[in-house]
There are 2 protein chains.
Amino acid sequence: MPIDIAVALDAVVAAVSDDEPRVLVRPGGDPASDDALPAGPFDPETDATLDAGLRRWVTEQAGLELGHIEQLYTFGDRGRDARRRVLSVAYLAFVRESEPRVASVGWRAWYHYFPWEDWRDGRPAIVDEVIHPAVDAWIAAAPDADERRRRERRARRTVGLRGTVWNDTLVLERYELLWEIGLVAESPIPGGVHLGERMAFDHRRIVATALGRVRGALRWRPLVFELLPPDFTMAQLQKTVEALAGRRLHTPNFRRLVEDAGLIEPTGAWRQTTGRPAALVRFRPEATTERPDTGIAIR
Amino acid sequence: MPIDIAVALDAVVAAVSDDEPRVLVRPGGDPASDDALPAGPFDPETDATLDAGLRRWVTEQAGLELGHIEQLYTFGDRGRDARRRVLSVAYLAFVRESEPRVASVGWRAWYHYFPWEDWRDGRPAIVDEVIHPAVDAWIAAAPDADERRRRERRARRTVGLRGTVWNDTLVLERYELLWEIGLVAESPIPGGVHLGERMAFDHRRIVATALGRVRGALRWRPLVFELLPPDFTMAQLQKTVEALAGRRLHTPNFRRLVEDAGLIEPTGAWRQTTGRPAALVRFRPEATTERPDTGIAIR
DNA sequence: CGACTTATTCTAACTTTGAGAAGAAGCTCC
DNA sequence: GGAGCTTCTTCTCAAAGTTAGAATAAGTCG
């Protein structure tokens, strides 16, 4: 007979504004200084589904109308919340740039919590100056050769140690490594340098899961369009993708990729810029029936 | 204040034997005739994590040692289980072919529940003879033009209507469409033809989620190797991938793909066949650090 | 008008993929 | 022992897709 348990719904509400991916946070959680994700109870009496429950309380609390939502992960580790054992089902939700901003909650840049994930202005200095040295020390401190080999392999895979590739979708794996070696404030390891801003409980881990999911999904689902207004320019689309992917893309190739995939169509209108005017385009929903993967297959 | 609720852990335990992907089921659930997934309670007192809870009771009940496990999805819809409102966290687990088989539970072929997903011997007849006509009728029955367009688009995307592509990863979306139009026995729509074998509760939906996940993950993670013995031949690997993907692959290209990705290395040993002997190979774990995606990028 | 900015198109080298042919190495059977 | 069969393995070549850079177009600003 299962023992009953409280279930909470955590929301990672994502938007992109001013070319910056942002997440909705409750400023002042518990402890007061840390940002926390908005969370609400799942009430089996009133909510027919988990999705409906999430939409209900986000609308109630933040006054936001959510677009596409999807389940992220269910967290049930002991010690997540010191006060009480809860299970929390985390959701990822998208909101368009045009949605009204609310006073009771704040929008924080995603890379505020994960500065090492933003490669748009080149390789972040902290990767070579902080992360790699710390990871090297951790590998050297392995108790035996077998463990050292495992650590070496893991570090190559997650943080591109010794010239190996930096896989931009491994956001969670990277955060977990930094947590283990004491480079983030939430880590139980005392002292040391702490990267990025901390969040309450295990919320930064949840946001890492979300960012990884977004980056992965970008490639095979038309997900960016949930974050853009109905009509947009190619430059706007590219900036949004770059913001999420955390790296720059080659403009002519990006354009060809998106056009050849039939993902967009011209609206016929134009938008003034400080240079040549840009054609306005819109998403083509029929694209989803024409190709197996309807994402922006960067790389 | 959240209301407490019972939490169950459902397991989709997958293995491939005799070139057939199989799933572990409890024969005789409730009602007695339907196969059910093995499920156990999550006990917050004894289990530190959800993963640990799952491993504990699978070992207890089925005597199986699970390899890699991963969380699939959390289901909380009202009406899933008529007896009581429960939340269930579904997991996907892999077991090697060599693992002992247990008497109390049975291994059923995946395609027993999803005959329309197996394209290894060509396009299944039921696609053109049953599914497409029924989907056509459902589109024609739309109340208005707008809804008809939506249905048309959805049908093209999920079941490849009117010559569009059949996307082999959309297993869940396909099952849900068949459910909605009454082509599976679990559907609330009365009468009609029913495809595949039914399962208890919403368990077929969970297995559909698992199959879709496996097919998707195949492309970017070295997941097949969890299902194979340590040493295997290229033909064995290809057969296993084909079994999961549900379609045939071009042997020379498959070999080149896997070899060029550095996924395998020769063991030096050979295996007798009824033709030319085959070289035995093993998975190369270092591959995970050399490329961003370490899957078998079929398609 | 000239300089600058942003958008858009073009092109050439290179890489990957798709499909088939052909060769290699065993077996069975006459 | 060789013909024919089976399975494994290598090769080839055209088609398609990707990368990177140059060039062009169409506006704004001073």
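Reminder, nothing fancy here: chain letters follow the sequence lines and each chain counts from 1.
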Practice item. Considering only NZ, NE, NH1 and NH2 on the basic side and carboxylate oxygens on the acidic side, decide whether A:Arg221 and A:Glu70 come within less than 4.0 Å. Key: yes
**Study point:** Ionic contact status for B:Arg282 with B:Glu265, cut-off 4.0 Å
**Key:** yes
Practice item. Please state how far atom CG in B:Asp293 lies from atom C1' in C:dT16, giving the value in whole angstrom units. Key: 15 Å
Review point. Expressed in angstrom and rounded to an integer, what is the separation of B:Asp260 atom CG from C:dT15 atom C1'?
Key: 11 Å
Revision key, fill the gap. Rounded to whole Å, CD of A:Gln272 lies from P of C:dA7 at a distance of 12 Å
Point to revise | B:Glu286 and its salt bridge (Lys or Arg N to Asp or Glu O under 4.0 Å) partner, picked from A:Arg149, A:Arg154, A:Arg153 | key: A:Arg153
Practice item. Return the value, rounded to whole Å, for the distance between atom CZ of A:Phe254 and atom C1' of C:dT6. Key: 16 Å
Exercise for review: In whole angstrom, give the distance that lies between atom CZ of B:Arg248 and atom P of C:dG18.
Suggested key: 18 Å
Review point. Is the shortest distance from a Lys or Arg side-chain nitrogen in B:Arg204 or B:Glu197 to a carboxylate oxygen in the other one below 4.0 Å?
Key: no
Practice item. Could you tell me the separation between the CG atom of B:Leu237 and the P atom of D:dC8, rounded to a whole number of Å? Key: 12 Å
Quick test: give all pairs of protein nitrogen or oxygen and nucleotides 9-15 of chain D nitrogen or oxygen below 3.5 Å, distance rounded to 0.1 Å.
{"from": "D:dT9", "atom 1": "OP1", "to": "B:Ala279", "atom 2": "N", "distance (Å)": "2.9"}
{"from": "D:dT9", "atom 1": "OP2", "to": "B:Arg255", "atom 2": "NH2", "distance (Å)": "2.3"}
{"from": "D:dT9", "atom 1": "O5'", "to": "B:Arg255", "atom 2": "NH2", "distance (Å)": "2.9"}

Check your understanding: Which whole-number value in Å describes the distance from B:Leu257 CG to C:dT17 C1'?
Key -> 9 Å
Point to revise | Short N-O contact, A:Arg156 and A:Asp136, less than 4.0 angstrom | key: no
Check your understanding: Between B:Arg291 and B:Asp260, does at least one N-O distance fall below 4.0 Å, as a salt bridge requires?
Key -> no
**Study point:** Sugar-phosphate, base or nothing in reach of A:Thr273, heavy atoms under 4.0 Å
**Key:** sugar-phosphate
